[in-house]
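Here is the structure we will look at, set down as structure tokens.
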Amino acid sequence: MKHKKIREIIKRKNKRPIVCLTAYSKTIAEILDKYCDIVLVGDSLGMVLYGMKSTREITLDMMINHAKSVKKGISKSVLVIDMPYQTYRNKKEAYKNAKKIIKSTKCDALKLEGGNKIINIIKYLINKNIPVMGHIGLLPQSERGKFKFKGRSSVGRKRIIEDAILLSNAGVFAIVIECVEESLAKIISKSIPVPTIGIGASRHCDGQILVTDDLLGLSNFTPRFIKKYSNIKKIINKSVLRFRRDVINRNFPSRKNIY
Ligand code: KIV
């Protein structure tokens with residue numbers, strides 16, 4: 001594979017954990033780029049930013065527009081874009097849309113949800129020299145109703161392990177493991193040569209990813225796998241309240257703010 005930045009990610013297996021976060025805009029991407037190895041334009045965009053009920057509603061054009069904005073803030077990290085729901089139902093469709101995303105955003109790689117069911121599509125894209133990140137465990141694009149963690153039953157665990165092996169053999173450069181029982185994520189991480197990126201999975205993964213709005217305390221999403229590193233909502237509330245007071249009391253704009 002030619003892609004240098006992608007090769008660097010693969011080499012991180014069993015080394016310093018890989019730091020990944022999501023971005024939907026240039027302003028956030030600029031900050032993340034300093035600290036992250038991978039920045040993902042996730043289709044969580046639909047739920048987080050647009051208030052959609054599921055990630056299924058996001059369109060290819062919406063993903064591309066946000067990815068273009070994010071790309072402007074990225075200079076060193078690997079930029080990965082989620083392929084939205086129903087944009088990779090067969091090889092031809094996947095390749096056409098993958099090319100469109102890469103051409104219009106200049107991203108480094110694409111992420112597709114699923115293992116066994118889409119393995120031929122993933123192999124096809126990789127054969128066409130498109131770097132692919134896998135995604136197993138909880139697959140938001142396939143879920144109906146509440147998100148529940150995966151791999152409770154032995155059949156479920158076996159299926160997820162098989163998916164990981166299939167994806168690894170197919171040549172994905174990393175695999176996101178979402179919301180699975182901790183020992184399962186550990187087994188997978190130890191048994192494949194490809195880096196695993198956990199979200200609600202395990203410290204034993206080769207890296208971790210969170211939705212940035214969740215870690216900043218901007219979203220209302222509070223499952224246990226999220227650690228809130230700040231409460232941005234509180235800061236925004238305070239700032240807007242102060243602005244309101246200043247406007248009402250005619251303290252804004254002051255001399256400093258006028259021409
Ligand atoms: O859509 C997304 O943001 C994701 C991450 C949570 C892994 O897929």
Side-chain angles (χ1 to χ4, degrees), residues 9 17-25 28-29 32 36-60 62-67 69-70 74 77-88 101 105 107-115 118 122 131-143 146-150 160 163-164 167 172-180 185 188-189 194-202 205-229:
I9 297 292
I18 301 164
V19 182
C20 319
L21 283 171
T22 60
Y24 312 131
S25 69
I28 293 291
L32 303 190
C36 291
D37 301 299
I38 298 176
V39 172
L40 169 74
V41 183
D43 60 359
S44 52
L45 165 69
M47 297 174 81
V48 176
L49 216 64
Y50 287 94
M52 292 169 174
K53 287 217 170 70
S54 85
T55 59
R56 289 176 175 221
E57 293 172 53
I58 202 89
T59 65
L60 190 66
M62 288 168 109
M63 288 299 291
I64 288 176
N65 285 338
H66 281 273
S69 168
V70 169
I74 301 287
S77 353
V78 170
L79 176 60
V80 182
I81 319 282
D82 260 342
M83 287 197 72
Y85 180 60
Q86 293 203 324
T87 62
Y88 53 99
I101 300 175
T105 69
C107 67
D108 299 296
L110 301 171
K111 176 161 80 61
L112 281 72
E113 290 184 12
I118 57 161
I122 288 186
V132 174
M133 182 184 229
H135 186 148
I136 56 172
L138 187 131
L139 307 175
Q141 290 178 8
S142 312
E143 285 296 315
K146 246 186 155 189
F147 292 174
K148 290 196 187 117
F149 85 89
K150 301 289 168 188
I160 296 171
D163 280 345
L167 288 171
V172 299
F173 72 93
I175 303 177
V176 168
I177 308 181
E178 179 161 358
C179 283
V180 302
I188 295 172
S189 301
V194 164
T196 56
I197 314 289
I199 173 161
S202 160
C205 288
D206 302 291
Q208 300 295 327
I209 186 162
L210 281 179
V211 168
T212 302
D213 293 53
D214 294 338
L215 87 87
L216 293 179
L218 195 54
S219 71
N220 294 324
F221 195 49
T222 51
R224 62 192 287 177
F225 68 80
I226 291 171
K227 180 170 173 185
K228 289 201 189 292
Y229 286 83

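Ligands are counted one by one from 1 in listed order, and the atoms in each one are counted from 1 as well.
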Mark up the atoms of ligand 1 that fall under 4.0 Å of a heavy atom belonging to [X], in ascending order.
X	result
Thr22	3 (O)
Ile199	6 (C)
Asp82	1 (O), 2 (C), 8 (O)
His135	8 (O)
Gly42	1 (O), 2 (C), 3 (O)

Would you indicate whether the side-chain heavy atoms of [Y] and [X] approach each other to under 4.5 Å?
X	Y	result
Asp108	Val80	no
Met63	Ile101	no
Lys227	Gln208	no
Ile199	Phe225	yes
Val78	Asp37	no

Would you mind finding which of Gly200, Gly46, Ser44 brings a heavy atom closest to atom 3 (O) of ligand 1?
-> Ser44
For ligand 1, is any non-hydrogen atom under 4.0 Å from Leu45's backbone (N, CA, C, O), its side chain (CB onward), both, or neither?
-> neither
Ignoring hydrogens and angles, write down the donor-acceptor pairs under 3.5 Å from the side chains of residues 132-143, residues two or more places apart or on other chains.
from: His135; atom 1: ND1; to: Lys111; atom 2: NZ; distance (Å): 2.7
from: His135; atom 1: NE2; to: Leu138; atom 2: O; distance (Å): 3.3
from: His135; atom 1: NE2; to: Glu178; atom 2: OE1; distance (Å): 2.9
from: Gln141; atom 1: OE1; to: Tyr88; atom 2: OH; distance (Å): 2.7
from: Gln141; atom 1: NE2; to: Asp43; atom 2: OD2; distance (Å): 2.6
from: Gln141; atom 1: NE2; to: Met83; atom 2: O; distance (Å): 3.1
from: Glu143; atom 1: OE2; to: Lys150; atom 2: NZ; distance (Å): 2.9

Does Asp43 reach ligand 1 with a nitrogen or oxygen that is under 3.5 Å from one of the ligand's nitrogen or oxygen atoms?
-> yes
Could an N or O of ligand 1 be found under 3.5 Å from any N or O of Tyr24, whether backbone or side chain?
-> no
At what distance is the nearest protein heavy atom to atom 8 (O) of ligand 1, and which residue and atom is it?
-> Lys111 NZ, 2.8 Å
Atom 4 (C) of ligand 1: the protein heavy-atom neighbour that sits closest, reported with distance to 0.1 Å = Leu40 CD2, 3.6 Å
Tyr24 and Thr212: side-chain donor and acceptor closer than 3.5 Å?
-> no
Sequence neighbours excluded, the answer for salt bridge (charged side-chain N to carboxylate O under 4.0 Å, His left out) partners of Asp206 is Lys13
